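Computed from a predicted model, the values in this text were never measured in an experiment.
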Amino acid sequence: MRVDCIRLGLRYIDLRRRMVEENRGDAAEFNRFIEDCIAHNITIFSEGASHEEEVKAFAEKYWRAD
């Protein structure tokens, strides 16, 4: 459980990189990531960004379903 929580940081970086730099993403993977963050009580992804703010930013700016 502890290792899974620590890996969330790496998953976040990978998701962010693919969405921003490569302009692609996987909605199912993103949803699993959010669910895992909630399960581990992660409430902030980056400085000052809550779940709601981050999800909104991904959806509006970076997310493109292929």
Side-chain angles (χ1 to χ4, degrees):
M1 189 77 166
R2 212 173 54 188
V3 172
D4 288 339
C5 185
I6 293 168
R7 287 184 179 159
L8 286 173
L10 297 173
R11 287 173 60 194
Y12 174 77
I13 291 168
D14 185 53
L15 282 168
R16 220 25 214 213
R17 181 190 56 78
R18 283 188 281 138
M19 290 177 187
V20 175
E21 294 176 8
E22 300 173 13
N23 199 26
R24 67 180 180 90
D26 178 358
E29 182 180 0
F30 180 71
N31 290 333
R32 279 191 306 274
F33 172 75
I34 296 298
E35 290 170 2
D36 290 345
C37 286
I38 292 169
H40 288 286
N41 296 315
I42 306 295
T43 58
I44 297 177
F45 293 135
S46 60
E47 292 183 23
S50 67
H51 281 136
E52 294 81 14
E53 294 166 334
E54 197 73 16
V55 169
K56 184 178 177 182
F58 278 151
E60 290 178 355
K61 295 178 184 178
Y62 306 120
W63 202 259
R64 187 180 80 196
D66 294 330

Considering all heavy atoms, the nearest F33-L8 contact: CE1-O, 3.4 Å
R7 with D36: basic N within carboxylate O range, under 4.0 Å: no
Results of side-chain hydrogen bond (donor to acceptor under 3.5 Å, both in side chains) for R32 - residues two or more places apart only: none
With sequence neighbours excluded, residues passing side-chain hydrogen bond (donor to acceptor under 3.5 Å, both in side chains) with R17: D14, E22
CD1 on I42 to CD1 on I34, rounded to 0.5 Å: 11.0 Å
Atom of E29, atom of R18 and distance for their closest heavy-atom approach: OE2-NH2, 2.7 Å
